[in-house]
Amino acid sequence: MPFDRYAVEQFLYREARLADEQRLDEWLTLWDEDALYWVPCNQDDVDPERQLSIIYDDHSRLKLRVARITKTGMAWTQEPRSRLRRLVSNIEIYDNADGLIQTFSNFHLTELRVNRRDPVEWIGRTEHRLRPGGSDFKLVLKKVMLINNDHEMTQLSCMV
Amino acid sequence: MDMATRSSLIDYAALVRPDRVHGSLYTDPAIFEEELNRIWYREWVFVGHESEVPNIGDYRTGQIGLQPIIITRGHDMQVRVLLNRCTHRGNTICQARRGNAPTFTCSYHGWTYSCEGDLKGMLFREDFPPDFKREEHGLFRVPRVELYRGFVFASMSKTGKSLKEHLGPSAANIDRFCDLSPTGEITMNHGVYQMRIECNWKMWMENSVDSYHVYQTHGSNMYLANMFEAKEGQKPPPPGKGYFGLIHARDLGNGHSDLDMRPQRRVTGMTYTGEWSKEIPESAQREYLAGLERLHGKEKTQQILTEGPAHTVIFPNLFNMLQEIRWCVPVSVNETYIYYAPCLFKGAPDEINTARLRRDEGGYGPAGFQLADDIEVWARNYQGLAARAQEWILMNRGIHLPVEPDEDDIPYQGDLSELTMRSQWRHYLDLMSSP
């Protein structure tokens, strides 16, 4: 099935913007029920069944992750909420045999915590797998490979 | 050379009182320097677990205080702790965090060392004096290295208490954890969280046995379940102490302390396997239980599962919380590295070990639902300490309560007492003010 490059890019940019603007309830609607949000730890290509990940959320844990920030008022690392903005670039798009659209892109996210002097930089490469449906897509996989995933890092409470 | 015995100009007894400590203990760079010499370069320090280096030539780099080390497994299967420092000009000789290498070669002048630390080769050896002895220039071996059930401890001092004396009753807490494995062995080579926190190392150590902070720091988790049911914009009532107040704060001696959850578990009747999620198939649970019973017998197995793993800080840098090993490395007076590694049960069904990885990811990584908030609160705590017109930090919660020996003859207080921190500071004062 040929894909519409423009539509795929628009989806990636929208996903990034909703995360940046911390419109997390809206961001959550982009994900399908069988989704996996995966941020590997210690290197990019580890077996998550045998190795620890920074984030390995199925849909129900992702819902909790969002609710903790948006509903409890006690997720201190996001109270006050961070100011975020990211660049997404180097987008490569593949039409997979399994009917999913697979994309790879780079990102550079700057996080400013209101109570800190120095911003935090999050940099990495993202794999998205999108399921086409109607006029839009649903996220099935977002795998974020941080360049510092095998280094000492600060807490990661925004959506990379 | 022995910096540790140099007398101090700082009057620690004036800074550590029974119910409070002075803020400068967390913020004064001169005190940090003295801690390196009197604690980190003299006492037993946790450096890793032997399962991180299972094979000949395996290594992991790390630090004792600020000093770079390599933990290696030699051809004799011995675990060694070597300084990561070429004996020629002092370069670090190993750059990777972990790996396998039969030799380490310095990138400066090509001096090459075996994984046992012996100097094996040099560029243009013929140019050195004729009396140069290669065997005198091996990597510096940390003088004392001892293992307890796979936990590797090292001391930069040639003399002092044995590890067994140092651990005292806290060793039983390591046992409680390892005994939950159907082979009696745990492994710690399934990845590690590596984090940088913006505070003094002692704040991490204190917090690790602070039962009082849970309600507020981790309030998001305590409220989370109710939040889905509460009406929009409405807060559920704050949680009461409940069974949490039954936890014993215990002083294990030598600065070690724990939050003993057995009294709480006895009341709730919760067993270790009872805490597992329904996602672990029953067949795996049965296999696990059968393994434990083969090792310990039925009765002891029941006791082990009822007591569960411990929650212990072994001074100065090891925190064995339930199924994780956590440790800290000081970086400077206001910055600390912390490492959290899940420990899996050797010989247990895969479904059980994988479920335990998933549990850690939920709670304790940089993005974990609990630890991220701890890190934030520690940073705020450190920022607040810059306000020096107010000098003291309190740790007097429960100090008015009687201290009694428990069933193990270990002094304890209940009701979220800060006895744990007071015992850490008492030991700290001993170390910092002794000759």
Side-chain angles (χ1 to χ4, degrees), chain A residues 25 36-44 46-58 60-82 111 113-118 120 122 144 146 148-160, chain B residues 96-98 189-198 215-228 230 232-233 235-236 329 331 335-342 344 350-351 353-354 356-358 360-362 364-369 371-380 383:
Chain A
D25 287 322
L36 177 66
Y37 179 34
W38 181 22
V39 183
C41 191
N42 301 127
Q43 39 189 312
D44 295 339
V46 294
D47 174 2
E49 295 298 310
R50 300 199 169 268
Q51 292 283 317
L52 196 63
S53 297
I54 295 170
I55 296 176
Y56 195 81
D57 284 357
D58 61 11
S60 78
R61 184 173 279 177
L62 188 58
K63 259 172 38 191
L64 280 179
R65 183 177 298 282
V66 168
R68 199 177 80 84
I69 293 170
T70 58
K71 295 198 170 57
T72 69
M74 295 182 86
W76 303 117
T77 192
Q78 282 301 324
E79 296 290 341
R81 221 50 67 81
S82 293
E111 175 182 18
R113 297 212 169 101
V114 177
N115 58 350
R116 298 289 210 291
R117 195 180 49 196
D118 301 319
V120 181
W122 300 101
V144 183
L146 295 167
N148 61 333
N149 74 10
D150 197 15
H151 272 70
E152 291 82 4
M153 62 171 70
T154 188
Q155 80 265 47
L156 176 60
S157 58
C158 58
M159 305 303 165
V160 285
Chain B
R97 297 200 163 219
R98 65 192 80 81
N189 55 357
H190 308 274
V192 57
Y193 289 135
Q194 307 172 101
M195 287 158 286
R196 182 179 59 78
I197 57 176
E198 299 163 71
Y215 298 86
Q216 186 70 6
T217 305
H218 304 304
S220 68
N221 294 324
M222 303 195 82
Y223 283 121
L224 200 53
N226 305 338
M227 276 294 166
F228 281 106
E232 196 62 40
K235 250 184 157 44
V329 166
V331 177
E335 188 180 17
T336 306
Y337 288 159
I338 55 174
Y339 301 93
Y340 285 28
L344 305 190
D350 288 344
E351 296 96 325
N353 281 331
T354 304
R356 297 168 75 240
L357 290 178
R358 298 291 91 91
D360 274 11
E361 286 153 0
Y364 306 122
F369 290 12
L371 189 77
D373 292 328
D374 279 317
I375 292 175
E376 181 63 27
V377 166
W378 297 332
R380 292 178 190 189
Q383 286 170 346

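Atom set for the values below is all heavy atoms of this structure, side chains included, hydrogens, waters and symmetry mates excluded. Convention: sequence-line order gives letters A, B, ...; per-chain numbering from 1.
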ask   = With respect to chain B, which residue among A:Arg68, A:Gln78, A:Arg113, A:Met153 yields the maximal number of heavy-atom pairs within a distance under 4.5 Å?
value =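 Of the options given, most contacts go to A:Arg68.
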query = Highest number of heavy-atom pairs under 4.5 Å with chain B: which of A:Thr154, A:Thr77, A:Asn148?
reply =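 Highest number of pairs under 4.5 Å: A:Thr77.
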inquiry  = For chain A, which candidate among B:Asp360, B:Leu371, B:Thr217 shows the most heavy-atom pairs at distances under 4.5 Å?
reply    =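 Heavy-atom pair counts peak at B:Thr217.
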task = Could you have a look at B:Asp373, B:Asn189, B:Val377 and say which one has the most heavy-atom pairs with chain A under 4.5 angstrom?
result =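 Among B:Asp373, B:Asn189, B:Val377, the one with the most close pairs to chain A is B:Asp373.
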request  = Give, as side chain, backbone, both or neither, the part of A:Ile55 having an atom under 4.5 angstrom from any heavy atom of chain B.
outcome  =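 Just the side chain, heavy atoms under 4.5 Å.
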ask   = Any idea which heavy atoms bring A:Ser82 and A:Glu111 closest together, and the distance?
value =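 Closest heavy-atom pair between A:Ser82 and A:Glu111: OG-OE2, 2.6 Å.
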key: CA sep, side-chain torsions, deciding dist, call: B:Phe369, A:Arg61, side chain to side chain contact (heavy atoms under 4.5 Å, CB included)   = CA-CA 10 Å; B:Phe369 290 12; A:Arg61 184 173 279 177; 4.1 Å; yes
Answer yes or no: is there a donor N or O on one side and an acceptor on the other, between the side chain of [X] and the main chain of [Y], under 3.5 Å?
| X | Y | answer |
| --- | --- | --- |
| A:Gln51 | B:Gly191 | yes |
| A:Arg116 | B:Ala379 | no |
| A:Asn42 | B:Val192 | yes |
| B:Tyr193 | A:Ser53 | yes |
| B:Thr354 | A:Glu49 | yes |

task = Flag the pair B:Arg97 and A:Asp150 as a salt bridge only when some basic side-chain nitrogen lies within less than 4.0 angstrom of an acidic carboxylate oxygen.
result =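 Salt bridge flag = no for A:Asp150 with B:Arg97.
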What part of [X] lies closer than 4.5 angstrom to a heavy atom of chain A: side chain, backbone, both or neither?
| X | result |
| --- | --- |
| B:Gln383 | side chain |
| B:Asn353 | neither |
| B:Asp350 | side chain |
| B:Leu357 | both |
| B:Arg380 | side chain |
| B:Tyr339 | side chain |

